[in-house]
**Student:** 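Structure in structure tokens, see below.
What you are looking at is a predicted structure, and each value in this text was computed from that prediction instead of being measured. Convention: sequence-line order gives letters A, B, ...; per-chain numbering from 1.
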Amino acid sequence: MIPPSYSPQKVEAEVSKFWKEKKIYEKVKSRSGRKFYFVDGPPYTTGRIHLGTAWNKIIKDTILRYKRMNGYDITDTPGWDMHGLPIEVKVEQEFGFKNKRDIEKFGVEKFVQKCMEYALKNKDAMTEQFKSLGVWMDWENPYMTIKAEYINAAWFAIKKAHEKGLLERKLMVVNWCPRCETALADAEVEYAEKEDPSIYVKFPIKNEPNTYIVIWTTTPWTLPANIAVAVNPAFEYAKFRAIKNSKEEFLILAKDLAEDVLSKGDYKHWEIIETYNGKELEGLEYEHIFANEVPKQKIWTHKVYTASFVTAENTGCVHIAPGHGLEDYELAISKNLPIFNPVDERGVYNEDAGIFAGLRVFEANDVVIDKLYEKNLILYEGKIIHRYGHCWRCKSPIIYRSTEQWFIAITKIKEKMLEEINKVVWIPEWAGSARFKDWISNAKDWCISRQRYWGIPIPVWICEKCGEMRIVGSIDEIEWKEDIDLHKPRIDEITFECKCGGVMKRVPDVFDVWFDSGVASWASIGYPAKKELFEKLWPADFITEGHDQTRGWFYSQLGTSIICFDRAPYKTVLMHGFTLDELGRKMSKSLGNVIEPEEVIEQIGVDCFRLYVLSSAPWEDLRFSWDEARNINRMMNVIWNAVRFAYTYMSLDNFKYEGIKHELSVEDRWILSRLERFVKSANNEMENCQLHRVVRNFLEFFLGDFSRWYIQLIRSRVWEEKESPSKLAAYETMFKVIDKSIRIIAPFAPFISEWFYQNFFKSFRKTEESIFLEDYPKAEEEYIDDELEIKMKIIRQIFEATSAARNKAKRKLRWPLRELIVETQKEKIAEAVESLKNILLNQCNVKEIKVVKNFEKKVVIKPNFKVVGPILKNKVSEFAKFVENLRELPEKIVFEGIELGRDALIVEYEIPAGFVYESFEGGVVYLYTELDKDLIREAYAREIVRRIQEMRKEMNLNVEDYIRSYLDVDPELVEGWREYIMRETRSKELVFGELKGYIKDWDVEGMKFKIGIERWS
RNA sequence: GGGCCCGUGGCUCAGCCUGGUUAGAGCGUUCGCCUGAUAAGCGAAAGGUCCGGGGUUCAAACCCCCGCGGGCCCA
């Protein structure tokens, strides 16, 4: 039985239960086939999935189901990204920890244990959520970044990097989170608006009293660490004599920028004393502004250097603090300047900072500025709101610190990376050729070390005595048993004896989590511990993730993979978009615009949710719209009804499908042509991941062609007597349409498809246990008939025009009309009408259809008095008489020797009385709307049938029940139509002038009458 | 400052790669219709400078260039 209305919740519950009980996923998985290696981008174990992660897995599931139905043996291991700061931060919050000291006090072992518990708990919760979306993956056997086998894979990679000379330990300026007390990769830095001081500072020139070089900075706290000033060698600089409060000063800065700076500084007058190009300034010495406050600054000399990165902004002179800026650092290295970093890991000045020691850097800004005011070295102080980097997890503003870190020398393999991405198929194409290429081109060395606890330990041991280094590339190199946890702090207990006799201890750092997921393509299949799968599968046939992963997983995987295997780890990448709210904003808790996947499922069900997110182009951002999502739900309801329609009649007749056995009518051939065209396109689109096109084509076909048109055309055929070949042909056609098109959409909407399979397919043909054990349908192109499709399109247009004409004449469709005339010059249209005449007769409800080249219209020609009046003056009335005799429009209008323009005449066409017209593409339809006695009788008969049907329904009679009907109308009104009424309403008897049973009053077009019906028993 | 993407009726989006009838859907509005698929469904009407400007072309929503606006990423 198919219930009268579609309840997604019920369907999904039944199907879930069925899949579980019958172990359908396991059965599908156990089939053999060609290998297809898919790698799941591991979601971070946050504990809850959101719309974006839901969309991500829905895309994956749809593609994997499609591949399975095509006979592939899929690697569908789901992954979990479980290490890293986000979880550490959560655990810290849970226990109210403020910094690393709190963690150390609590105990690192316990802390790591908590992190693990937290990650595992979240993984389980999220697994359930993904399952509820109908995502079929191997949930019992996921890969987890915390497992020994996985850690082993990361160690393998780092050893490879070392062997290839790509692992470097160097002093480097890195993004540093002062709260988390760790280095961050570029990918972990989020940019957001921040207000900072914007100050112009005067650096006193050595041995030139009252002379300064002017710099600008937004980080006053880096001034104690200033080492140099940089100018652009190509810019023009000048020394200005400037007057403020009637005192003069000499200021050096970029010539063209001076006006703005000096007016900000409240100088009243200024003049150029001297100009130089940047090159000439090189070597100019200045006194450090905190030479007395910061002891080390007294030792060093401070000079101006040239650097091409200096831009023509602010003063054109850049303050250089090599310990706190990347460009600064690089300049310092090239000029052999000291790298001075007086800031500790908490973002607090250490003793090197002299009087500033103990201050937090962001608090120090004001102290520094005050000091400079004391020394009269501030030229101008303002505020600026700019984009500033923040820690991706705790949102603290980051600082730059020079520290010793471990790096992967991406710059050495960049060329290879660029070469490799060209070999990958990117969908859309620009994801690789433009976006990813740009990111890689700008990539710097990858800082992979973190000074944290919850991560894969970096497997580098260093001898305390001689500094000898040992990279452990496999867990076999240490004495490891199943029950020993490889995380900190236990791993740090392992030491090696050095050749020199010293003790080798592990460096305390853990890996950047991006390194974890970066090795997924082999770690997830057990490599290097197990070789077999890797050798068969790697590299991945397919991956898909959001566009944020350009700098994330697409990148980290490419890097590690080139290190280990010299090639890209994936063959095809589908990049998808982000989910946004209806206004195009990111969903965030603070905006209060977050939509939970559960909420959507509860309202419209999983299938509708899936179809909705899959109906727009994957790579576009998806603005979530409730209206649109509900709209899909409405469409699904129509699909339900269409299948139910077929089911009702087929099951009544005990129909069995064994292929097309009966002679097809033209409409059958048409819908099958449409079907195969759809199947063909769906296969093509799937191969190119154009998922949205498949969904859209499906809806258009199933609703537009099948439900709205084909079913309307065959209604009367399904009411024919039992063994009617025409009826059976219609059944066969309907069955084939539903069978193939539902299988096409099954990967997208798995629940309802399986439900139809179990409740519809199984009733009429031999089936497998599940729809997902079936093959994906392939097109039978011999059914595609271009000619017929074009003809039907024409017929539908004529039908629509006729409906519009009826509308004009206020003749409802139920009332038959005498004649329809189609006027067209096009042979194609005439042919279409001739060959599909019956369809048109029925649908338009007319008795006759004629096609003519020119419908006979009366041409009425009138003089245009407005035009001819001024020309002909008093001859106008004669002209009018002349015009009156014109039968058709003359070539030239000549009246009494005067040639008149075409506008002298007004031409109107008068169509014969009783016709209304409406144009369509390629012609005009004329509909004769006058009624005669026969037509009226038929109309009333149809009206009465329609009322009786309604009453039958109100009485809850079954379709096959018989009745006795009573009418209090004059039998003459429906003369000749008695049989028709009885047949249509399944009346065994039709009684006039008497009323019994269920009686109702009716008013049809102003005529009042009563009908009574009772069940025939 | 750089890279990429997006901009199509009031709203949400197809179409653009591969130029070619009168630019399509759905929602919403108005007016109708149909009905044993029916607490549904169907049609019609109104509503569009396809962001703007230039170019290529017989022909541009589509290709190219320059702007404008929005988003993401980077500096």
**Student:** Over all strands shown, is Ala646(A) touching base, sugar-phosphate only, or nothing at heavy-atom distances under 4.0 angstrom?
**Tutor:**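 It contacts nothing in the nucleic acid.
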**Student:** For the side chain of Ala642(A), counting heavy atoms from C-beta on, which of C72(B), A37(B), A14(B) is nearest?
**Tutor:**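 Nearest nucleotide to the side chain: A37(B).
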**Student:** Base, sugar-phosphate or nothing for Tyr649(A)? Non-hydrogen atoms, less than 4.0 Å.
**Tutor:**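 Here Tyr649(A) touches the backbone only, sparing every base.
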**Student:** Give one of base, sugar-phosphate or nothing for Glu800(A), where a contact means two heavy atoms less than 4.0 Å apart.
**Tutor:**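 Glu800(A): backbone/sugar contact only, no base atoms under 4.0 Å.
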**Student:** Given that Trp430(A) and Val945(A) both sit by RNA chain B, which one's nearest nucleotide is further toward the 5' end?
**Tutor:**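 First, find each residue's nearest nucleotide; the 5'-ward one identifies Trp430(A).
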**Student:** Please classify the nucleic acid contact of Ala804(A) as base, sugar-phosphate, or nothing, using heavy-atom distances under 4.0 Å.
**Tutor:**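 Nothing, no nucleic acid heavy atom in range.
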**Student:** When we call it a touch if two heavy atoms are under 4.0 Å apart, what does Thr648(A) touch: a base, just sugar-phosphate, or nothing?
**Tutor:**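 If one applies the 4.0 Å heavy-atom cut-off, Thr648(A) turns out to touch nothing in the nucleic acid.
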**Student:** How would you label the contact of Arg715(A) with the nucleic acid (heavy atoms, under 4.0 Å): base, sugar-phosphate, or nothing?
**Tutor:**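 Arg715(A): base contact, heavy atoms under 4.0 Å.
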**Student:** On RNA chain B, check which nucleotide each of Ser616(A) and His547(A) is closest to and give me the residue with the more 5' one.
**Tutor:**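 It is Ser616(A), whose closest nucleotide lies nearer the 5' terminus.
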**Student:** Rounded off to whole Å, could you give me the CD1-to-P distance for the Ile714(A) and A37(B) pair?
**Tutor:**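 One finds 11 Å between P of A37(B) and CD1 of Ile714(A), rounded.
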**Student:** Looking across every strand, which nucleic acid part, if any, lies under 4.0 Å from Asn958(A) by heavy atom: base, sugar-phosphate, or nothing?
**Tutor:**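 Touches a base.
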**Student:** Determine, using ring centers only, whether Phe735(A) and Phe760(A) are less than 6.0 Å apart.
**Tutor:**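 Ring centres of Phe735(A) and Phe760(A) closer than 6.0 Å.
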**Student:** Please work out which of the three classes, parallel, tilted or perpendicular, describes the rings of Trp426(A) and Phe554(A), given edges at 30° and 60°.
**Tutor:**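 Rings of Phe554(A) and Trp426(A): perpendicular, as their planes differ by over 60°.
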**Student:** Students often get this wrong, so: under 4.0 angstrom with heavy atoms, is Pro428(A) touching a base, only sugar-phosphate, or nothing?
**Tutor:**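 Pro428(A): no heavy atom of the nucleic acid under 4.0 Å.
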**Student:** Base, sugar-phosphate, or nothing for Glu620(A), non-hydrogen atoms under 4.0 angstrom?
**Tutor:**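 Glu620(A): backbone/sugar contact only, no base atoms under 4.0 Å.
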**Student:** What distance separates Asp705(A) CG from Met792(A) CE, expressed to the nearest 0.5 Å?
**Tutor:**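 Result: 9.5 Å between the selected atoms.
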**Student:** Assign Ile632(A) to base, sugar-phosphate, or nothing according to its heavy-atom contacts below 4.0 angstrom with the strands shown.
**Tutor:**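 Nothing, no heavy atom under 4.0 Å.
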**Student:** Please determine if Arg986(A) and Asp961(A) form a salt bridge, counting it only when a charged side-chain N lies under 4.0 Å from a carboxylate O.
**Tutor:**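 Asp961(A) and Arg986(A): not salt-bridged.
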**Student:** Indicate, with a heavy-atom threshold strictly under 4.0 Å, whether Arg814(A) touches base, sugar-phosphate, or nothing.
**Tutor:**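 Answer is sugar-phosphate: Arg814(A) comes under 4.0 Å of backbone atoms only.
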**Student:** So for atom CZ, which belongs to Phe920(A), do other residues, nucleotides or ligands contribute more than 12 heavy atoms lying within a distance under 6.0 Å?
**Tutor:**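 For Phe920(A), atom CZ is crowded (more than 12 foreign heavy atoms under 6.0 Å).
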